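Here the structure comes first, spelled out in structure tokens, and everything after it is commentary.
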Amino acid sequence: MTDRDAELLEQTWRDPPGFFGWFCAINHKTIAKRFMVTTFIFFVLAGTLALVMRLQLARPDGHVVGPDLYDQMFTMHGSTMMFLFAVPVMQAVAVYLVPLMVGARSVAFPRMNAFAWWIFTFGGIMLYVAFFCNVGPDAGWFAYVPLSGPQYSPGKRVDMWAQMITFTELSGLMEAIIIICTILKMRAPGMTLNRMPLYVWTMLATSFMVLFALPAVMLSSTALICDRLIGTHFFNPGEGGDALLWQHLFWFFGHPEVYLIFIPPLGFMSSIIATFSRRPVVGYPAMVLAVIATAFLAFGLWVHHMFATNLPDLGKTFFTAASLMIAIPSSVQIFCWIATLGSGKVNIKTPLLFVLAFFVILVAGGLTGLMLASVSLDVQLHDTFFVVAHLHYVLFGGGVFPLFGAFYFWFPKFTGRMLSERLGRWQFWLFFIGFNVTFFPMHILGLQGMTRRIYTYPAQMGWEGMNMTATIGSFMIAISVLIFIVNVLKSRRHGALAGPNPWGAGTLEWSTASPPPAGNFELAPVVHGRYPLWQEAPAPTHVTGLANGDREVLVTTVADALPDHRMTLPSPSPWPFWSAVATTILFIGSIFTPWAVVWGSVPVAIAATCWFWPKRNEAERRRRVEVHP
Amino acid sequence: MTAHIVAAGAPFQDALRPFGVQAAHIGALWNFTLGLCTLVFLAIVAACLVALWRAPRAHADTVPDVSSLARAESRIHRRVGWAVGISSLGLLALLAADVFTSRALARLPLKGAVNITLIGHQWWWEARYRDEDVSREFSTANELHIPVGRPVIVTLLSNDVIHSLWIPNLQGKKDLIPGRTATLHLRADKPGVYRGQCAEFCGLEHALMALQVMAEPSERYEAWAARQRQPAPEPATELTKRGRQVFLGTTCVMCHTIAGTTAGAGLGPDLTHLAGRQTIAAGMFPNNRGHLAGWIADPQALKPGVNMPANSLPPDDLQALLAYLETLK
């Protein structure tokens with residue numbers, strides 16, 4: 001490829017420059033970076049709320065905040081971490097990595113990708129504006145009815161929560177569609193399903209889970225909004241509704257959601273462990289099947305959040321069995337990774353350290369999960385600090401630790417520079433120790449009778465020692481996150497130059513420059529094995545025949561990735577932004593009046609029409625090129 | 001730490017110290033599960049450390065070993081298979097233990113049981129002691145008395161939002177869900193004061209919604225129950241007479257019941273035998289004159305958001321009211 005071709009390709013795929021160009025950007029890497037930064041800001045905000053809550057609980061009869069603010073804070077903490085950080089951050093990383101890993105120039109539906117980020121950001125901003133105006137939701141991130149219903153939560157607080165769900169779930173569903181289409185139809189020729197990187201498998205499984213899980217919560221939150229705003233009675237037992245219906249719908253989403261957070265990191269683990277033990281992961285088919293099995297079983301566990309209700313006991317036992325069963329695919333993966341480490345040659349670097357923490361923290365969290373799976377044990381442990389400890393062990397061990405590992409691993413790809421190894425180790429050890437100091441005592445607190453979501457407790461309970469310990473630990477975590485921020489800000493400008501493949505990894509994203517050019521690859525690759533950079537590649541090594549001057553991509557078949565046809569992706573446009581603005585007006589307006597749904601849909605329709613308006617000149621030009629190449 | 005609580009006279013609230021047969025079953029299951037899970041945890045961490053320790057060191061330039069892509073590593077696969085098989089057996093053991101425990105919990109003999117209907121309110125507990133003879137029924141609040149060694153059937157209802165009854169020393173928790181009726185079977189096998197707390201987030205004062213369970217020998221329980229069935233005693237002194245007048249003549253009467261008087265409202269706790277209870281405000285404050293006075297004058301200061309309004313009584317009236325309430329043994 002000549003320099004002129006490369007320049008042309010760069011121009012074709014680049015986002016428009018300037019202030020207005022910023023609103024038109026659709027390149028998947030641009031959007032993914034914005035998405036990652038946005039979710040990280042929400043992570044820091046929710047973490048700050050957690051610190052205030054820890055200060056309040058450090059001493060008995062604490063007076064740092066009152067019950068009203070405390071209730072808003074734990075609701076915001078949970079809602080932010082689940083809806084504005086943990087699930088979207090995994091999708092954000094995927095939007096960056098998946099096209100690079102499968103050898104594509106872009107995600108499918110790049111404009112929708114931009115729209116998804118805008119709508120997500122607007123929803124998150126709405127929630128925090130509401131919180132800072134003292135209209136923050138206060139019925140818990142799970143918003144059980146009737147507490148969250150019109151009678152016991154008057155005002156607009158819970159409406160803000162329910163509408164935030166609408167925003168984020170809309171965004172999440174669109175991202176899932178984008179990722180599925182990218183994976184199934186845009187893989188480089190030769191990348192059969194059997195050669196797909198394990199991370200891509202995890203994202204495929206996660207995205208299908210999103211398609212089935214998120215509609216349940218959108219349905220339930222919409223029913224809640226209807227109960228609150230237009231007097232329906234879905235959840236009102238007095239009018240034939242049912243309070244437990246909410247819990248079924250919410251947990252039918254809520255339990256798979258844990259796996260939406262947990263499965264993508266399984267892919268991070270596989271990428272990082274393979275690279276740092278210098279060999280492919282043991283048992284590729286077993287790993288893939290384990291991920292798919294986890295994704296299926298995750299939908300059969302929701303009732304273990306409801307063991308304290310009066311559902312039939314025999315029925316509950318089935319959910320105990322299902323909850324225990326999901327440990328089997330997890331154990332398959334854990335043993336395969338340990339076997340990979342044991343039979344490889346290990347290069348211990350910061351990304352691997354974060355991944356190794358998984359084997360302590362996630363395993364501990366998984367085992368306490370087995371305890372919660374038992375009906376009889378759960379009735380003692382449910383809604384106590386034991387559960388707080390358990391869920392943080394699972395979500396940190398299975399989510400946040402591998403995520404930080406992934407960030408250290410792929411940061412060179414994102415920016416072209418390495419993160420500081422020294423600061424990384426400081427961050428890791430502070431994080432690891434601080435995490436355990438914070439959350440381990442909570443197991444014991446829960447067994448000693450400390451229930452969840454209490455803003456204070458009397459001195460006579462004897463809980464203050466361990467609560468103080470937990471508070472100290474939480475500040476260690478905070479310092480560790482600060483070190484991470486410093487590391488990122490410093491290394492972004494002054495870190496060591498990375499080069500295309502600083503870790504000697506084997507998957508496609510490392511074959512291109514760091515950071516990648518706008519079109520990802522100068523020459524669209526052809527794949528001959530699971531680890532293309534580690535294996536000898538016979539000819540052909542790349543795809544020819546795609547126009548560099550157009551946003552042309554190759555669409556391949558689902559299973560075998562045989563070249564199928566060419567497709568031209570849309571160009572940058574301000575209309576995803578304006579559509580998101582119009583949708584936001586509709587959503588927020590409908591909190592205050594049902595008529596907003598009617599009148600608000602007019603601007604949405606106009607913006608969407610402009611979005612899809614065909615460009616005659618471009619179509620004409622392309623037709624000419626096609627007919628007279 | 002537990003010794004300290006006992007020494008301070010504080011009640012028990014600890015799932016690891018069962019004082020009833022149901023909690024003891026769960027405690028045994030806990031010990032088994034904890035033991036098995038600890039073993040598994042140590043085994044996995046050890047396997048991971050051994051793998052790291054045995055593997056030779058490498059760096060980013062080390063040539064990757066891709067031989068496994070060409071031929072199956074049957075020895076490694078066999079080992080992984082064994083590990084998964086053993087884990088699955090462990091899971092089966094946990095399932096069996098859970099099923100047996102559930103069965104044991106369901107088989108508590110219920111002959112001669114005490115029947116209590118417990119109704120959750122934001123943020124207090126209403127208890128109605130049931131009897132085949134309706135005239136022997138009575139109500140109390142935030143304090144259950146139960147006979148040691150006799151089973152208790154607690155029927156759980158809610159008047160507003162979802163609450164959850166949890167008395168960890170006696171039994172696991174059960175939700176009180178509006179529109180549904182749940183039951184909880186328990187038995188205290190040792191006398192003592194056991195503290196329970198609402199476990200399901202129920203709004204602003206969820207943290208301050210506790211209850212006391214007094215497990216007493218049978219005869220003391222019967223004596224207590226007999227006392228509860230009596231109406232409130234007639235005030236004997238001028239002061240207490242005036243106190244009753246204050247009670248019946250101000251807003252108190254609009255929410256509370258005192259059996260034997262014209263006060264018969266059901267929005268707040270039944271006060272017929274208030275002075276016999278150890279705590280006020282759903283287990284939060286000791287029931288003494290100071291706390292009671294503070295509570296009546298300004299409940300919002302002690303429990304912000306509670307559904308009881310402030311009562312700005314003249315000091316004389318307040319003292320008379322307190323004197324009267326203290327006679328309601």
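Per chain, numbering begins at 1; letters A, B, ... match sequence-line order. Here the structure is a predicted model, which is why all the values come from computation and not from measurement.
- In terms of heavy-atom pairs under 4.5 angstrom with chain B, the leader among A327(A), S153(A), A339(A), G344(A) is G344(A).
- The closest donor-acceptor contact from the side chain of R279(A) to the backbone of D65(B) lies at 3.5 Å or more, if one exists at all.
- Using a 4.5 Å cut-off between heavy atoms, E200(B) contacts chain A through both its backbone and its side chain.
- Counting heavy-atom neighbours within 6.0 Å of R79(B) CZ, excluding the residue itself, gives a total of 12 or less.
- Separation of atoms CG (L381(A)) and CH2 (W30(B)) is listed at 6.0 Å; rounding is to 0.5 Å.
- For chain A, no part of L165(B) is nearby; none of its heavy atoms comes within less than 4.5 Å.
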Task: Derivation of the side-chain contact (heavy atoms from CB on, under 4.5 Å) call for N347(A) and T62(B) - done: CA-CA 9 Å; N347(A) 175 20; T62(B) 308; over 6 Å; no

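- Note: A199(B) leads A199(B), S158(B), P304(B) in heavy-atom pairs under 4.5 Å with chain A.
- With a 4.5 Å cut-off on non-hydrogen atoms, I76(B) touches chain A through its side chain but not through its backbone.
- In this structure, CG in L370(A) is found 9.0 Å from OG1 in T33(B), a value given to the nearest 0.5 Å.
- The residue among K173(B), Q22(B), H77(B) with the most heavy atom pairs within less than 4.5 Å of chain A is K173(B).
- Nearest heavy-atom pair, V375(A) versus S102(B), reported as atom, atom and distance to 0.1 Å: CB-OG, 4.5 Å.
- Options D378(A), D138(A), L244(A), T340(A) differ in how many heavy-atom pairs under 4.5 Å they form with chain B, and the most are formed by L244(A).
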- [ ] Go through the steps to decide whether L29(B) and S374(A) satisfy the test side-chain contact (heavy atoms from CB on, under 4.5 Å), and finish with yes or no.
- [x] CA-CA 9 Å; L29(B) 177 64; S374(A) 151; 3.5 Å; yes

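- At distances below 3.5 Å, not a single donor-acceptor pair connects side-chain atoms of R17(B) with backbone N or O atoms of Q448(A).
- In plain terms, the two heavy atoms of I177(B) and A243(A) that are nearest each other are CG2-CB, 4.0 Å.
- Interface remark: F386(A) contributes side-chain atoms only to the contact with chain B (heavy atom separation under 4.5 Å).
- Judged purely by atom type and a 3.5 angstrom limit, N310(A) uses its side chain to pair as donor or acceptor with the backbone of T181(B).
- Of the atoms belonging to S87(B), it is side-chain heavy atoms, and not backbone ones, that fall under 4.5 Å from chain A.
- For the 3.5 Å distance criterion, the side chains of Y152(A) and Q122(B) fail to qualify, holding no donor opposite an acceptor.
- Atom CG in L94(B) sits 12.0 Å away from atom OG in S323(A) (nearest 0.5 Å).
- When each of D68(A), D71(A), L341(A) is checked for heavy-atom pairs under 4.5 Å with chain B, D71(A) comes out on top.
- Chosen from S331(A), G449(A), G504(A), the residue pairing most often with chain B at heavy-atom distances under 4.5 Å is G449(A).
- Without hydrogens or angle criteria, Q380(A) side chain to P168(B) main chain gives a donor-acceptor distance under 3.5 Å.
- Here the side chains of Q197(B) and M450(A) are not in contact, with every heavy-atom distance at 4.5 Å or above.
- With a 4.5 angstrom heavy-atom cutoff, I44(B) touches chain A via backbone and side-chain atoms both.
- Here the straight-line distance linking atom CD1 of I338(A) with atom SG of C48(B) works out to 5.0 Å at 0.5 Å rounding.
- Shown here for P237(A) and P178(B), the closest heavy-atom pair between the two residues is CG-O, 3.7 Å.
- Proximity to chain B (any heavy atom under 4.5 Å) is restricted, for F74(A), to the side chain, taken from C-beta onward.
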N/O donor to acceptor pairs below 3.5 angstrom from side-chain atoms of residues 360-368 of chain A, sequence neighbours left out:
residue	atom	partner	partner atom	Å
T368(A)	OG1	A364(A)	O	3.3
T368(A)	OG1	G365(A)	O	2.9
T368(A)	OG1	H390(A)	ND1	2.9

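- Counting heavy-atom pairs closer than 4.5 Å to chain B, the top-ranked of the candidates V346(A), N501(A), T320(A) is V346(A).
- Crowding of Q300(B) atom CD: a count of heavy atoms from other residues, nucleotides or ligands under 6.0 Å exceeding 12.
- Side chains of R75(B) and S343(A) form no contact here, defined as non-hydrogen atoms less than 4.5 Å apart.
- Looking at T384(A), only its side chain comes within 4.5 Å of chain B, counting heavy atoms on both sides.
- Counting only heavy atoms from C-beta outward, the side chains of H59(B) and K345(A) never approach each other to under 4.5 Å.
- Atom-to-atom distance recorded for S68(B):OG and R530(A):CZ is 8.5 Å, nearest 0.5 angstrom.
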Pairs under 3.5 angstrom only: tabulate donor-acceptor contacts from the side chains of residues 50-58 of chain B to other protein residues two or more places apart or in another chain.
residue	atom	partner	partner atom	Å
R57(B)	NH1	L52(B)	O	3.1
R57(B)	NH1	A55(B)	O	2.9
R57(B)	NH2	L52(B)	O	3.1

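- Taking the side chain as every heavy atom from C-beta outward, L204(B) and Y455(A) never approach each other to under 4.5 Å.
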- [ ] Just do the side-chain contact (heavy atoms from CB on, under 4.5 Å) check on W166(B) and V379(A) with the steps written out, would you?
- [x] CA-CA 9 Å; W166(B) 187 36; V379(A) 292; over 6 Å; no

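- A 4.5 Å side-chain heavy-atom check between R180(B) and T309(A) finds every atom pair outside the cut-off.
- Atom CD1 of I162(B) sits about 4.5 Å away from atom CD of Q247(A), to the nearest 0.5 Å.
- Side-chain contact between F359(A) and V45(B) is absent, with no heavy atoms from C-beta onward closer than 4.5 Å.
- Remark: the backbone N or O of R452(A) is paired with a side-chain donor or acceptor of H206(B) at under 3.5 angstrom.
- For a residue to count as touching a neighbouring chain, one of its non-hydrogen atoms must lie under 4.5 Å from one of that chain's; by this rule V99(B) touches chain A with the side chain only.
- With a threshold of 4.5 angstrom between heavy atoms, P280(A) approaches chain B through its backbone and through its side chain.
- The part of W503(A) that comes within reach of chain B is its backbone (N, CA, C, O), which places non-hydrogen atoms under 4.5 angstrom from that chain.
- Within the 4.5 angstrom heavy-atom criterion, only side-chain atoms of F142(A), from C-beta onward, approach chain B.
- By number of non-hydrogen pairs under 4.5 angstrom with chain B, the leading residue of G283(A), G66(A), P67(A) is P67(A).
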- [ ] Begin with the C-alpha distance, continue with both residues' side-chain angles, and end with the deciding distance and a verdict on side-chain contact (heavy atoms from CB on, under 4.5 Å) for F201(B) and D383(A).
- [x] CA-CA 9 Å; F201(B) 178 62; D383(A) 271 333; over 6 Å; no

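- Interface residue M284(B): only side-chain heavy atoms are found under 4.5 Å from chain A.
- Listed options G203(B), G196(B), A104(B) were ranked by heavy-atom pairs under 4.5 angstrom with chain A; first place goes to G203(B).
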